[in-house]
*Asks:* 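Please see the structure below; I have some questions.
The structure presented is a predicted model; accordingly, all values stated were derived computationally and were not measured. Heavy-atom basis, side chains included; hydrogens, waters and symmetry copies ignored.
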Amino acid sequence: MNYVIDRRLNGKQKSLVNRQRFLERYRKQIKQSVEKAVGERSITDINKGERISIPRKDTDEPVFRHGKGGFQEQVLPGNKEFISGDRFKRPQGGGGQGSGPGQASDSGEGMDDFVFEISQSEFLDFMFEDLELPNLVKRHLMGDVEYKTHRAGFADVGNPGQVNIVRSMRSASARRMALGGKDRRKLRELEAELQELARSPVPDHEQQQQLEEEIHRLKGRLKRIPWLDDFDLKYNLHVKQPVPRSQAVMFCLMDVSGSMTQGIKDIAKRFFILLYLFLQRNYEHTDVVFIRHHTSAKEVDEQEFFYSRETGGTIVSSALKLMQEIVDKRYPPAQWNIYGAQASDGDNWNDDSSNCSRILSNDLLDKVQHFSYIEITEQDHQSLWHEYQQIQAHFSDVFAMQNIRTAADIYPVFRELFQRKLGQDGVGAAV
């Protein structure tokens with residue numbers, strides 16, 4: 001008996017197709033686990049993989065079994081209730097008698113849920129599925145032009161790595177047929193004449209010798225036709241064509257004033273980390289501008305935005321003014337898709353909320369593709385929320401606002417803001 005042992009490593013992804021099929025089949029359960037994990041994770045672990053648990057009953061496969069068939073009679077000893085011809089009643093379910101998943105048992109036995117790991121890449125795929133930047137449109141090309149390679153037929157010259165074997169063999173076959181066609185026809189005629197002469201009652205040996213010499217000469221000529229010539233080689237031709245690309249910039253505005261407690265700041269940071277991961281994964285040509293503000297606003301890098309402990313009073317309009325200045329200097333609206341996301345607890349200095357409303361209405365909303373305001377509070381909304389409600393009534397196509405109360409609301413609110421709209425003219429793929 002022969003034994004075959006497969007010692008190949010899974011690193012070569014031999015089971016990748018089966019894994020993708022499995023993830024697609026249990027997509028609903030996995031998405032529920034991902035949504036739950038996003039709300040429970042810390043800031044540093046938000047983009048890691050996840051341990052997924054699927055109820056055992058959901059993984060059961062339907063099977064067909066062959067019954068015994070026909071009519072059978074059985075004698076059961078100890079029967080005091082039934083006689084021949086009686087019908088059995090259907091057994092009543094429940095009562096703790098079963099042994100299926102999730103059922104109690106006096107023997108302490110049962111079946112665990114099916115648990116498996118999904119990678120970081122798979123986790124992010126499920127997290128950002130069906131999401132896109134709203135109203136994304138093609139803008140004017142600037143900077144380095146992006147090219148995409150397209151096949152453009154075949155060429156007679158090229159590098160060895162581009163040789164098209166099928167085309168080359170086809171060309172060689174056509175050349176051999178063209179060069180040897182006349183000689184092959186002549187050869188068939190001479191061979192037929194030689195066979196006819198051999199069947200003659202009185203063969204002419206001299207003529208037969210001449211025919212054999214001519215046949216030998218023609219075969220030699222055909223053999224000297226090269227099987228493959230440099231003329232036959234054909235190469236795949238690829239050309240580069242410029243591709244229009246969408247340039248986008250996302251402004252992240254975060255309130256770090258004294259009214260923002262550490263818990264509120266953590267929720268704001270989680271939201272912006274989700275947004276940052278979403279942009280990095282789905283969009284290639286997207287700039288991210290980080291702005292922190294208290295009484296004054298400052299453009300910072302990623303490290304300072306998420307980890308700086310600077311704090312102070314609250315003047316929200318300072319962040320909007322800085323965003324407007326940066327847009328005017330570096331991001332012309334005719335060439336860029338401009339987006340903004342602002343997170344705050346709603347607390348603002350005196351009458352500054354009206355200044356925020358004025359800056360947004362008069363200076364920013366006509367330049368941006370979309371602007372989102374996220375207020376993080378479990379209490380009653382303050383003046384900034386009410387001012388922004390008036391803006392939303394007039395600019396509902398480019399302005400959205402949501403309220404986050406707990407960390408569990410972060411991911412649902414994020415999906416609500418960036419859910420792909422059916423029939424939208426924007427581009428949902430990576431740009």
Side-chain angles (χ1 to χ4, degrees), residues 20 23-24 27-28 30-35 37-39 46-47 50 118-142 146 148 243-254 268-290 302 323 327 331-343 364-374 392 395-404 409-431:
Q20 294 300 325
L23 294 178
E24 184 64 29
R27 176 173 296 275
K28 180 179 179 180
I30 296 174
K31 288 190 67 174
Q32 291 174 350
S33 299
V34 169
E35 292 177 8
V38 173
I46 201 167
N47 65 332
E50 177 63 14
I118 60 174
S119 65
Q120 178 190 33
S121 177
E122 293 167 342
F123 182 84
L124 294 177
D125 286 339
F126 282 103
M127 186 189 300
F128 300 132
E129 186 180 34
D130 299 329
L131 301 182
E132 67 179 5
L133 289 175
N135 307 323
L136 185 67
V137 297
K138 297 293 184 182
R139 294 299 193 188
H140 178 66
L141 283 172
M142 65 180 299
E146 182 179 356
K148 187 174 182 180
V243 178
R245 78 183 180 194
S246 297
Q247 296 184 130
V249 56
M250 174 65 75
F251 286 85
C252 299
L253 288 64
M254 182 168 64
K269 290 177 182 178
R270 287 194 191 188
F271 177 85
F272 283 120
I273 287 177
L274 271 183
L275 179 58
Y276 186 54
L277 291 173
F278 169 63
L279 295 174
Q280 276 192 324
R281 186 166 185 81
N282 289 28
Y283 298 91
E284 297 177 4
H285 305 290
T286 304
D287 288 355
V288 182
V289 179
F290 296 104
E302 174 189 349
M323 175 179 171
V327 168
Y331 300 102
Q335 300 173 352
W336 288 83
N337 292 278
I338 303 173
Y339 295 87
Q342 179 184 5
L364 283 178
L365 291 184
D366 60 340
K367 300 176 182 178
V368 303
Q369 299 300 114
H370 197 265
F371 191 95
S372 304
Y373 173 65
I374 301 93
Q392 188 180 33
F395 299 92
S396 59
D397 55 335
V398 295
F399 185 84
M401 54 192 300
Q402 292 286 339
N403 179 214
I404 294 179
D409 298 332
I410 298 175
Y411 187 63
V413 166
F414 184 85
R415 291 196 65 89
E416 179 68 23
L417 291 173
F418 298 102
Q419 184 70 38
R420 179 177 298 158
K421 302 297 190 300
L422 295 178
Q424 182 173 309
D425 294 334
V427 180
V431 295

*Asks:* Who passes ring-ring contact (aromatic ring centres under 6.0 Å, His included) against F272, sequence neighbours left out?
*Replies:*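 If we apply the ring-ring contact (aromatic ring centres under 6.0 Å, His included) test to F272, skipping adjacent residues, the hits are F305.
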
*Asks:* Quick check: closest heavy atoms across A400 and Q392, and the distance to 0.1 Å?
*Replies:*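 Smallest interatomic distance, heavy atoms only, reads CA-NE2, 4.1 Å.
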
*Asks:* Which distance, rounded to the nearest 0.5 Å, do you find between the CG of L364 and the CG of D366?
*Replies:*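 Result: 8.0 Å between the selected atoms.
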
*Asks:* Using a 4.5 Å cut-off on heavy atoms from C-beta on, say whether the side chain of V327 contacts that of K367.
*Replies:*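 Contact flag for K367/V327 side chains = yes.
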
*Asks:* So, taking the atom named CG in L417 and the one named CZ in F271, what distance separates them when rounded to the nearest 0.5 Å?
*Replies:*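 Between atom CG of L417 and atom CZ of F271 there are 5.0 Å.
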
*Asks:* For a quick test of reading the model, state the closest non-hydrogen atom pair linking M323 to G340 and the distance between them.
*Replies:*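 Closest pair (atom of M323, atom of G340, distance): CE-CA, 4.3 Å.
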
*Asks:* Residues two or more places apart in sequence or in another chain: which of them pass side chain to side chain donor-acceptor pair (under 3.5 Å) with Y276?
*Replies:*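 Y276 satisfies side chain to side chain donor-acceptor pair (under 3.5 Å) with Q280, E302 only.
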
*Asks:* Could you walk me through whether W336 and D287 pass the side-chain contact (heavy atoms from CB on, under 4.5 Å) check?
*Replies:* CA-CA 10 Å; W336 288 83; D287 288 355; 3.5 Å; yes

*Asks:* Determine whether a donor-acceptor pair (N or O, by modelled atom type, separation under 3.5 Å) exists between the side chain of Y339 and the backbone of P134.
*Replies:*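 Indeed, once roles are kept as given, a pair shorter than 3.5 Å links the two residues.
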
*Asks:* As an exercise, state the distance from CD of E132 to CD of Q419, rounded to the nearest 0.5 Å.
*Replies:*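 E132 atom CD to Q419 atom CD measures 9.0 Å (nearest 0.5 Å).
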
*Asks:* To the closest 0.5 Å, what do you measure between NE2 (H370) and CG (L365)?
*Replies:*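 With rounding to 0.5 Å, NE2 (H370) is 10.0 Å from CG (L365).
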
*Asks:* Which atoms form the tightest heavy-atom contact between I404 and I374, and what is the distance?
*Replies:*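 Closest pair (atom of I404, atom of I374, distance): CD1-CG2, 3.3 Å.
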
*Asks:* Give me the ring orientation class for F399 and F371: parallel if the planes are under 30° apart, tilted from 30 to 60°, perpendicular past 60°.
*Replies:*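 Parallel, since the angle between the ring planes stays under 30°.
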
*Asks:* Walk me through it: do N337 and L133 pass the test side-chain contact (heavy atoms from CB on, under 4.5 Å)?
*Replies:* CA-CA 10 Å; N337 292 278; L133 289 175; over 6 Å; no

*Asks:* Out of curiosity, Q369 CD to M250 CE, how far, rounded to the nearest 0.5 Å?
*Replies:*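 It comes to 11.0 Å.
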
*Asks:* Please verify the inter-ring angle class for F414 with F418; under 30° counts as parallel, over 60° as perpendicular, anything in between as tilted.
*Replies:*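 F414 vs F418 ring planes: tilted.
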
*Asks:* List the residues meeting side chain to side chain contact (heavy atoms under 4.5 Å, CB included) with E416, not counting sequence neighbours, and say none if there are none.
*Replies:*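 Expected list: Q402.
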
*Asks:* Apply side-chain contact (heavy atoms from CB on, under 4.5 Å) to N403 and D409, showing your working.
*Replies:* CA-CA 8 Å; N403 179 214; D409 298 332; over 6 Å; no

